[in-house]
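This report refers to the structure that appears directly beneath it.
Because only heavy atoms are used, hydrogens play no part in the values below, and waters and symmetry mates are left out as well, while side chains stay in.
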Amino acid sequence: MKYSANRPVFIFVSKLTFFFLFLGCGQETVNHEKSGVAISFDDRFINEWYALRPLFKKYNAKVTFFVTCGDSLSAEEVSKLKQLERDGHEIGFHGTIHGKSTELIKALGPEKYAATEIYPGKEAMKKAGFYPKSYAHPGGNHNDQVDSVLFANGFEILRDVAISRRKIYGIPVYTIAPRVMDWIFYGFKKEKLVDALLIDTDSGITEREINDAIEKAKNTGSALMLFGHEPLYGSPNNGEYGFQVAFLEKILKEANRKNLKFYTMSELPEN
(Lines give C-alpha, C1' and ligand atoms only; values in the text may rest on other atoms or scores of the structure.)
Protein backbone atom coordinates (compact mmCIF):
# COMPACT_ATOMS: atom_id res chain seq x y z
CA MET A 1 0.00 0.00 0.00
CA LYS A 2 1.31 3.39 -0.96
CA TYR A 3 1.21 6.38 1.38
CA SER A 4 0.47 9.75 -0.13
CA ALA A 5 2.17 12.91 1.02
CA ASN A 6 -1.07 13.94 2.71
CA ARG A 7 -1.28 10.83 4.90
CA PRO A 8 0.76 12.16 7.87
CA VAL A 9 -1.27 15.36 7.86
CA PHE A 10 -4.49 13.34 8.02
CA ILE A 11 -3.17 11.37 11.00
CA PHE A 12 -2.13 14.57 12.77
CA VAL A 13 -5.47 16.26 12.19
CA SER A 14 -7.35 13.18 13.34
CA LYS A 15 -5.38 12.99 16.56
CA LEU A 16 -5.84 16.71 17.14
CA THR A 17 -9.58 16.42 16.59
CA PHE A 18 -9.74 13.47 19.00
CA PHE A 19 -7.78 15.47 21.57
CA PHE A 20 -10.23 18.37 21.50
CA LEU A 21 -13.22 16.05 21.58
CA PHE A 22 -11.76 14.30 24.61
CA LEU A 23 -10.98 17.63 26.26
CA GLY A 24 -14.52 18.84 25.66
CA CYS A 25 -15.99 15.75 27.31
CA GLY A 26 -13.95 16.40 30.44
CA GLN A 27 -15.12 19.97 30.94
CA GLU A 28 -17.72 20.76 33.58
CA THR A 29 -20.93 22.41 32.46
CA VAL A 30 -21.50 25.77 34.12
CA ASN A 31 -24.95 26.17 35.65
CA HIS A 32 -25.57 29.86 35.10
CA GLU A 33 -28.96 29.60 36.80
CA LYS A 34 -27.18 29.38 40.17
CA SER A 35 -25.12 32.54 39.68
CA GLY A 36 -25.72 34.92 42.54
CA VAL A 37 -24.62 37.06 45.45
CA ALA A 38 -24.67 36.27 49.17
CA ILE A 39 -24.46 39.43 51.29
CA SER A 40 -24.22 39.41 55.08
CA PHE A 41 -23.89 41.93 57.90
CA ASP A 42 -22.19 41.49 61.28
CA ASP A 43 -22.58 42.65 64.88
CA ARG A 44 -25.51 44.50 66.45
CA PHE A 45 -26.72 47.30 64.16
CA ILE A 46 -30.31 46.10 64.21
CA ASN A 47 -32.03 49.50 63.95
CA GLU A 48 -29.72 50.52 61.12
CA TRP A 49 -30.24 47.22 59.29
CA TYR A 50 -33.98 47.50 59.72
CA ALA A 51 -33.92 50.90 58.03
CA LEU A 52 -32.60 49.18 54.88
CA ARG A 53 -35.83 47.23 54.34
CA PRO A 54 -37.08 49.52 51.51
CA LEU A 55 -33.73 49.16 49.72
CA PHE A 56 -33.81 45.37 49.92
CA LYS A 57 -37.40 45.30 48.71
CA LYS A 58 -36.55 47.62 45.81
CA TYR A 59 -34.14 45.03 44.41
CA ASN A 60 -35.94 41.95 45.73
CA ALA A 61 -32.81 41.09 47.70
CA LYS A 62 -32.45 38.83 50.71
CA VAL A 63 -29.42 38.88 52.98
CA THR A 64 -28.10 37.43 56.25
CA PHE A 65 -27.75 39.30 59.54
CA PHE A 66 -25.16 37.82 61.91
CA VAL A 67 -26.19 38.92 65.39
CA THR A 68 -23.82 39.07 68.35
CA CYS A 69 -24.72 39.33 72.06
CA GLY A 70 -28.01 37.57 71.41
CA ASP A 71 -28.56 37.13 75.15
CA SER A 72 -29.23 40.84 75.58
CA LEU A 73 -31.66 41.52 72.72
CA SER A 74 -34.39 43.98 73.64
CA ALA A 75 -38.04 43.30 72.81
CA GLU A 76 -37.87 45.97 70.10
CA GLU A 77 -34.78 44.40 68.55
CA VAL A 78 -36.40 40.96 68.57
CA SER A 79 -39.49 42.42 66.87
CA LYS A 80 -37.41 44.06 64.15
CA LEU A 81 -35.36 40.92 63.55
CA LYS A 82 -38.58 38.94 63.28
CA GLN A 83 -39.85 41.33 60.63
CA LEU A 84 -36.58 41.02 58.71
CA GLU A 85 -36.94 37.26 58.89
CA ARG A 86 -40.49 37.46 57.58
CA ASP A 87 -39.14 39.55 54.70
CA GLY A 88 -37.06 36.53 53.69
CA HIS A 89 -33.75 37.44 55.30
CA GLU A 90 -31.76 35.08 57.49
CA ILE A 91 -30.83 35.66 61.13
CA GLY A 92 -27.45 34.08 61.77
CA PHE A 93 -25.23 33.98 64.87
CA HIS A 94 -22.06 35.93 65.57
CA GLY A 95 -21.14 34.78 69.06
CA THR A 96 -22.26 35.67 72.57
CA ILE A 97 -19.32 37.83 73.62
CA HIS A 98 -17.66 38.37 70.21
CA GLY A 99 -14.43 36.97 71.61
CA LYS A 100 -11.22 35.85 69.94
CA SER A 101 -12.12 32.21 69.49
CA THR A 102 -8.64 30.72 69.19
CA GLU A 103 -7.54 32.33 72.45
CA LEU A 104 -10.77 31.38 74.24
CA ILE A 105 -10.59 27.73 73.25
CA LYS A 106 -6.90 27.54 74.10
CA ALA A 107 -7.47 29.01 77.56
CA LEU A 108 -10.80 27.35 78.39
CA GLY A 109 -10.94 24.17 76.34
CA PRO A 110 -13.71 23.21 73.89
CA GLU A 111 -16.54 22.77 76.40
CA LYS A 112 -15.97 25.99 78.34
CA TYR A 113 -15.37 27.86 75.08
CA ALA A 114 -18.82 26.74 73.91
CA ALA A 115 -20.32 27.57 77.32
CA THR A 116 -18.90 31.09 77.05
CA GLU A 117 -19.23 32.02 73.39
CA ILE A 118 -21.93 29.75 71.98
CA TYR A 119 -24.52 28.47 74.46
CA PRO A 120 -25.82 31.64 76.17
CA GLY A 121 -26.45 33.69 73.04
CA LYS A 122 -27.76 30.78 71.00
CA GLU A 123 -30.15 29.72 73.76
CA ALA A 124 -31.42 33.27 74.16
CA MET A 125 -32.04 33.51 70.43
CA LYS A 126 -33.89 30.20 70.55
CA LYS A 127 -36.17 31.54 73.29
CA ALA A 128 -36.80 34.58 71.11
CA GLY A 129 -37.79 32.28 68.23
CA PHE A 130 -34.59 32.27 66.19
CA TYR A 131 -32.78 29.10 65.19
CA PRO A 132 -29.54 30.19 63.47
CA LYS A 133 -27.93 27.69 61.10
CA SER A 134 -25.07 29.92 59.95
CA TYR A 135 -22.21 31.40 61.98
CA ALA A 136 -19.81 34.26 61.25
CA HIS A 137 -16.48 34.08 63.07
CA PRO A 138 -15.92 37.22 65.19
CA GLY A 139 -13.00 39.03 63.61
CA GLY A 140 -12.53 36.08 61.26
CA ASN A 141 -10.64 34.34 64.06
CA HIS A 142 -10.87 30.52 64.22
CA ASN A 143 -9.07 27.20 63.78
CA ASP A 144 -10.04 23.59 63.13
CA GLN A 145 -10.87 22.98 66.79
CA VAL A 146 -13.18 25.99 66.93
CA ASP A 147 -14.86 24.90 63.70
CA SER A 148 -15.45 21.40 65.01
CA VAL A 149 -17.21 22.77 68.12
CA LEU A 150 -19.43 24.99 65.98
CA PHE A 151 -20.39 22.16 63.63
CA ALA A 152 -21.10 19.95 66.65
CA ASN A 153 -23.52 22.62 67.86
CA GLY A 154 -25.61 22.49 64.72
CA PHE A 155 -24.21 25.24 62.52
CA GLU A 156 -24.27 24.25 58.86
CA ILE A 157 -22.00 26.90 57.34
CA LEU A 158 -19.21 28.99 58.90
CA ARG A 159 -18.23 32.31 57.38
CA ASP A 160 -14.75 33.81 57.58
CA VAL A 161 -13.40 37.23 56.55
CA ALA A 162 -11.57 38.10 53.33
CA ILE A 163 -9.97 41.44 52.46
CA SER A 164 -8.47 42.54 49.16
CA ARG A 165 -6.11 45.16 50.62
CA ARG A 166 -3.85 45.00 53.64
CA LYS A 167 -2.08 47.89 55.34
CA ILE A 168 0.28 47.87 58.32
CA TYR A 169 0.80 51.22 60.03
CA GLY A 170 -0.71 52.87 56.97
CA ILE A 171 1.74 51.23 54.59
CA PRO A 172 0.17 49.10 51.80
CA VAL A 173 1.28 45.48 52.00
CA TYR A 174 -0.77 43.92 49.22
CA THR A 175 -3.74 44.48 46.92
CA ILE A 176 -5.67 41.64 45.25
CA ALA A 177 -8.42 42.18 42.70
CA PRO A 178 -11.61 40.54 44.05
CA ARG A 179 -12.25 38.83 40.71
CA VAL A 180 -9.15 36.64 41.22
CA MET A 181 -9.96 35.79 44.85
CA ASP A 182 -11.51 32.41 44.11
CA TRP A 183 -12.19 31.81 47.80
CA ILE A 184 -14.93 34.50 47.91
CA PHE A 185 -16.96 32.71 45.21
CA TYR A 186 -19.20 29.88 46.37
CA GLY A 187 -18.95 26.99 43.91
CA PHE A 188 -22.07 25.09 45.05
CA LYS A 189 -20.07 22.03 46.02
CA LYS A 190 -21.58 21.86 49.52
CA GLU A 191 -18.77 23.96 50.98
CA LYS A 192 -19.28 24.64 54.69
CA LEU A 193 -16.22 26.79 55.40
CA VAL A 194 -16.42 30.00 53.36
CA ASP A 195 -14.96 33.49 53.07
CA ALA A 196 -16.80 36.73 52.35
CA LEU A 197 -15.20 39.93 51.08
CA LEU A 198 -15.33 42.98 53.35
CA ILE A 199 -17.07 45.98 51.73
CA ASP A 200 -16.71 48.49 54.59
CA THR A 201 -15.30 51.91 53.73
CA ASP A 202 -11.81 51.03 54.96
CA SER A 203 -11.66 48.03 52.62
CA GLY A 204 -10.88 50.28 49.66
CA ILE A 205 -13.11 48.23 47.36
CA THR A 206 -14.16 50.12 44.23
CA GLU A 207 -17.35 49.92 42.20
CA ARG A 208 -15.38 48.65 39.20
CA GLU A 209 -13.85 45.84 41.25
CA ILE A 210 -17.26 44.78 42.54
CA ASN A 211 -18.76 44.87 39.05
CA ASP A 212 -15.93 42.68 37.75
CA ALA A 213 -16.51 40.21 40.59
CA ILE A 214 -20.26 40.14 39.90
CA GLU A 215 -19.51 39.45 36.23
CA LYS A 216 -17.27 36.55 37.26
CA ALA A 217 -20.02 35.10 39.46
CA LYS A 218 -22.43 35.26 36.53
CA ASN A 219 -20.00 33.64 34.08
CA THR A 220 -18.86 30.87 36.43
CA GLY A 221 -22.22 29.92 37.95
CA SER A 222 -20.98 30.82 41.44
CA ALA A 223 -22.13 33.13 44.24
CA LEU A 224 -20.07 36.14 45.22
CA MET A 225 -19.93 36.43 49.03
CA LEU A 226 -19.73 39.93 50.56
CA PHE A 227 -20.17 41.39 54.04
CA GLY A 228 -20.15 44.62 56.00
CA HIS A 229 -21.08 46.05 59.37
CA GLU A 230 -22.94 49.31 60.04
CA PRO A 231 -24.85 51.10 57.26
CA LEU A 232 -23.37 54.59 56.85
CA TYR A 233 -24.73 57.61 54.99
CA GLY A 234 -21.59 59.73 55.23
CA SER A 235 -17.93 59.45 56.16
CA PRO A 236 -17.36 57.33 59.28
CA ASN A 237 -16.51 59.20 62.47
CA ASN A 238 -16.19 58.61 66.20
CA GLY A 239 -14.97 55.06 65.72
CA GLU A 240 -17.72 54.05 63.29
CA TYR A 241 -16.98 51.12 61.02
CA GLY A 242 -19.27 50.15 58.19
CA PHE A 243 -20.22 50.48 54.54
CA GLN A 244 -21.76 53.28 52.52
CA VAL A 245 -25.44 52.61 51.84
CA ALA A 246 -25.01 54.19 48.41
CA PHE A 247 -22.30 51.63 47.65
CA LEU A 248 -24.53 48.79 48.81
CA GLU A 249 -27.26 49.99 46.47
CA LYS A 250 -24.83 49.94 43.55
CA ILE A 251 -24.03 46.30 44.38
CA LEU A 252 -27.70 45.36 44.60
CA LYS A 253 -28.50 47.22 41.40
CA GLU A 254 -25.70 45.58 39.42
CA ALA A 255 -26.52 42.10 40.71
CA ASN A 256 -30.16 42.66 39.85
CA ARG A 257 -29.25 44.00 36.39
CA LYS A 258 -27.21 40.85 35.72
CA ASN A 259 -30.15 38.68 36.88
CA LEU A 260 -28.15 37.16 39.72
CA LYS A 261 -29.94 35.41 42.57
CA PHE A 262 -29.69 36.68 46.14
CA TYR A 263 -28.79 33.94 48.61
CA THR A 264 -28.85 33.82 52.38
CA MET A 265 -25.81 32.08 53.84
CA SER A 266 -27.56 28.88 54.90
CA GLU A 267 -29.10 28.53 51.43
CA LEU A 268 -25.68 28.15 49.80
CA PRO A 269 -24.93 24.55 50.88
CA GLU A 270 -28.55 23.62 50.19
CA ASN A 271 -28.23 24.39 46.47
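Applying the salt bridge (charged side-chain N to carboxylate O under 4.0 Å, His left out) test to residues at least two apart or on different chains, the pairs with a partner in residues 125-148 are Lys133-Glu270. Residue pairs satisfying the ring pair (Phe, Tyr, Trp, His ring centres under 6.0 Å) criterion with at least one member in residues 205-224, sequence neighbours excluded, are absent. Residue pairs meeting the salt bridge (charged side-chain N to carboxylate O under 4.0 Å, His left out) criterion with at least one partner in residues 86-97, sequence neighbours excluded, are Arg53-Asp87. Sorted by first and then second residue, the salt bridge (charged side-chain N to carboxylate O under 4.0 Å, His left out) pairs involving residues 62-85 (not counting sequence neighbours) are Arg44-Glu77, Lys62-Glu267, Glu76-Lys80, Lys82-Glu85.
Leu224 and Ala213 get closest at one heavy-atom pair: CD2-CB, 3.8 Å. Counting all heavy atoms, side chain and backbone alike, Val146 lies closest to Tyr113 at CG1-OH, 3.4 Å. Looking at every heavy atom in both residues, Arg159 comes nearest to Ala196 through CD-CB, 3.6 Å. The minimum heavy-atom distance linking Asn256 with Phe262 is given by the pair N-CZ, 4.3 Å. The heavy-atom pair separating Ile205 from Ser164 by the smallest distance is CD1-OG, 3.0 Å. Residue Gly221 comes nearest to Ser35 through the heavy atom pair CA-OG, 3.2 Å, listed as atom of the first residue, atom of the second, then distance.
Annotation: cation-pi pair Lys122/Tyr135 absent, no NZ/CZ under 6.0 Å from the ring centroid and within 45° of its normal.
With sequence neighbours left out, the salt bridge (charged side-chain N to carboxylate O under 4.0 Å, His left out) criterion links Arg165 to Glu209. Not a single ring pair (Phe, Tyr, Trp, His ring centres under 6.0 Å) links Phe247 to another residue, sequence neighbours left out. Residues passing the salt bridge (charged side-chain N to carboxylate O under 4.0 Å, His left out) test with Lys218: none are found, sequence neighbours excluded. With sequence neighbours excluded, the residues satisfying ring pair (Phe, Tyr, Trp, His ring centres under 6.0 Å) with Tyr241 are Phe45, His229. Listed by chain and number, the residues in a salt bridge (charged side-chain N to carboxylate O under 4.0 Å, His left out) with Lys100 are Glu103 (sequence neighbours excluded). Residues that satisfy the salt bridge (charged side-chain N to carboxylate O under 4.0 Å, His left out) test with Lys250, not counting sequence neighbours, are Glu207. Remark: His94 pairs with His98 by the ring pair (Phe, Tyr, Trp, His ring centres under 6.0 Å) rule, at least two apart or across chains.
Hydrophobic clustering of Ile, Leu, Val, Met, Phe, Trp and Tyr side chains at less than 4.5 Å, counting indirect connections, unites Val37 with Phe56. Tracing side-chain contacts under 4.5 Å through hydrophobic residues (I, L, V, M, F, W, Y), one never reaches Leu232 starting from Leu52; they form parts of separate clusters. The hydrophobic clustering, which links ILVMFWY residues whose side-chain heavy atoms are closer than 4.5 Å, places Tyr131 and Val78 apart. Using a 4.5 Å cut-off between side-chain heavy atoms of Ile, Leu, Val, Met, Phe, Trp and Tyr, with links allowed through other members, Ile118 and Phe130 fall into the same hydrophobic cluster.
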Stepwise side-chain contact (heavy atoms from CB on, under 4.5 Å) check, Ile163 with Tyr174: CA-CA 10 Å; Ile163 56 176; Tyr174 67 77; 3.8 Å; yes

Residue pair Asp212, Lys216: steps toward the salt bridge (charged side-chain N to carboxylate O under 4.0 Å, His left out) verdict: CA-CA 6 Å; Asp212 287 346; Lys216 176 177 178 176; over 6 Å; no

Evaluation steps, side-chain contact (heavy atoms from CB on, under 4.5 Å), between Tyr119 and Glu111: CA-CA 10 Å; Tyr119 298 154; Glu111 184 57 36; 3.4 Å; yes

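Considering only heavy atoms from C-beta on, Leu197 comes within 4.5 Å of Met181 through its side chain. Under the 4.5 Å side-chain criterion, counting only non-hydrogen atoms from C-beta, Leu150 is not in contact with His142.
Residues Asn141 and Ser101 bring no donor and acceptor atom of their side chains to less than 3.5 Å of each other.
Other residues sharing the hydrophobic cluster of Val194, ordered by chain and number and joined by side-chain separations under 4.5 Å: Phe66, Ile157, Tyr186, Phe188, Met225, Tyr263, Met265, Leu268.
Interatomic distance, NE2 of His32 versus CG of Asn219, reported as 7.0 Å (0.5 Å rounding). Note: Ser266 OG to Ile91 CD1 = 11.0 Å, rounded to the nearest 0.5 Å.
A 6.0 Å sphere centred on CG of Asn143 holds more than 12 heavy atoms belonging to other residues, nucleotides or ligands. Applying the 6.0 Å contact sphere to NZ of Lys192 captures no more than 12 heavy atoms from other residues, nucleotides or ligands.
The ring of Phe41 has its center closer than 6.0 angstrom to the ring center of Phe243.
Using bins of under 30°, 30° to 60° and over 60° for the plane-to-plane angle, the ring pair Phe65/His89 lands in the perpendicular bin.
Here the options are Ile39, Asp160, Ile199, Val161, the test is side-chain contact (heavy atoms from CB on, under 4.5 Å), and the partner is Phe227; only Val161 passes.
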